[in-house]
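Written out below as structure tokens is the structure these notes cover.
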Protein chains: 2
Amino acid sequence: MALKYSRQREVIKAFLYNTDKHPTADDVYVNIRKQYPNISLGTVYRNLTLLSDMGEIKRLRVGDGIDHFDADTSPHNHFICSECGCVIDLKMENIDYITEAASKNFGGQIVGHTTYFYGYCEDCCNELQAFVQQAN
Amino acid sequence: MALKYSRQREVIKAFLYNTDKHPTADDVYVNIRKQYPNISLGTVYRNLTLLSDMGEIKRLRVGDGIDHFDADTSPHNHFICSECGCVIDLKMENIDYITEAASKNFGGQIVGHTTYFYGYCEDCCNELQAFVQQAN
DNA sequence: GCAAAAGTAGTAATCATTACTGTTATTGTT
DNA sequence: AACAATAACAGTAATGATTACTACTTTTGC
């Protein structure tokens, strides 16, 4: 029941805190194995679930069928590139007021929302533009 | 290449059009098997993918790791009950203007968004209230 | 230093989904 | 109506992310 220290969990946490990407369990596993070749994929999954249950990290279901994880638990929204699949933090105003709009004409209770924006990231926009120019 | 008629596809489409629920592939499979015991799960998956690629239905990734499907392709938002997992259509004003808020300070191009509201559905709210009253 | 309990590595199992394969149904053409 | 081309199917095997299990290792309070 009581939580005990584990080096593996610390390493996983440190890895997440030191990236602005939004890695999957396998991303975490592959990267940490460079330094700790013995770590088990099950350990990575268990600790990611544990950390997100404790609220220290956030689990993102971005729609590609694979869970991503984010050490930044402050309220913010995400963008997912339809081309390369990358996940990017958005610096935008708070839009939680949309829950009020949703609460109208609804019998139950709305607690919150998850919003993902999609489109083309800056890199993919540039590549696409280069491709079009080359064609001319 | 050309699309051919298939009874199975028609039945799948009809089932989806006659429910206000948002069934999973397995829901569709189980229900249609009552009438067509020979239908294959693979056929259900293939046709659901085909229909959603053609834009006749919409694939919903509601965050439970299982794809749900909706025959209503008109723009509307969904609510997912944190208690029972049900998916409900929301009758609410259009909130697509949030993409403008997201586009500010963003280098790429934002095409759209997927927003899911969560909380407790009417039925679960009532059950919860009954439970609380019973405790007093 | 020791015992209780939490955590781990490694592997097996699960579950949704997709791919494959040999057969069946549809369709445009005689 | 019969025919050939090909889309679609049923049934099954394979895939990929995730979870469960088990015997061993760490941590921790005394």
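Chain letters run A, B, ... following the sequence lines, proteins first and then strands; every chain starts at 1.
The residue N47(A) sits close only to the backbone: its heavy atoms come under 4.0 Å of sugar-phosphate atoms, none of a base. At the heavy-atom level, R46(A) lies under 4.0 Å from base atoms of the strands shown. Y45(A) comes within 4.0 angstrom of a base, heavy atoms only. Residue contacts for I39(A): at a heavy-atom cut-off of 4.0 Å it reaches the sugar-phosphate backbone alone, with no base atom in range.
T43(B) places no side-chain N or O within 3.5 Å of a backbone atom of I39(B) that could act as its donor or acceptor partner. The main-chain N or O of T24(A) is found under 3.5 Å from a side-chain atom of D27(A) such that the two form a donor-acceptor pair.
Between the OH atom of Y29(A) and the C1' atom of dT19(D) there is a distance of 15 Å, given to the nearest Å. Atom pair D67(A):CG and dA16(C):P shows a separation of 15 Å (rounding to whole Å applied). Between M54(B) atom CE and dA8(D) atom P there is a gap of 9 Å when expressed in whole angstrom units. Spacing between atom CG of D26(A) and atom C1' of dT15(D) amounts to 14 Å, rounded to whole angstrom units. Rounded to whole Å, atom C1' of dA16(C) lies 11 Å from atom CZ of R59(B). Rounding to whole angstrom units, CG of residue L41(B) and C1' of dA19(C) are separated by 13 Å. Here dT18(C) presents its P atom at 13 Å from CG of L50(B), a figure rounded to the nearest Å. Remark: P of dT18(C) and CG of D64(A) are 13 Å apart, rounded to the nearest angstrom.
The shortest distance between the side-chain N/O atoms of Q8(B) and the OP1/OP2 oxygens of dA25(C) is not below 4.0 Å. Between dA8(D) and T43(B), no contact under 4.0 Å exists linking OP1 or OP2 to a side-chain N or O. Listed pair S40(B) / dG11(D) fails the phosphate criterion, with no side-chain N or O lying under 4.0 Å from OP1 or OP2.
Where K4(B) and R7(B) each meet DNA chain D at their nearest nucleotide, the meeting point lying more 5' is that of K4(B).
Considering only heavy atoms from C-beta on, D89(A) comes within 4.5 Å of H78(A) through its side chain.
Aromatic rings from F106(B) and F79(A) are positioned such that their centres are separated by under 6.0 Å.
Between F117(A) and H113(B), the two ring planes are tilted [angle within 30° to 60°].
The nucleotide whose nearest atom lies closest to any side-chain atom of Y5(A) is, among dG7(C), dT17(C), dT28(D), dT28(D).
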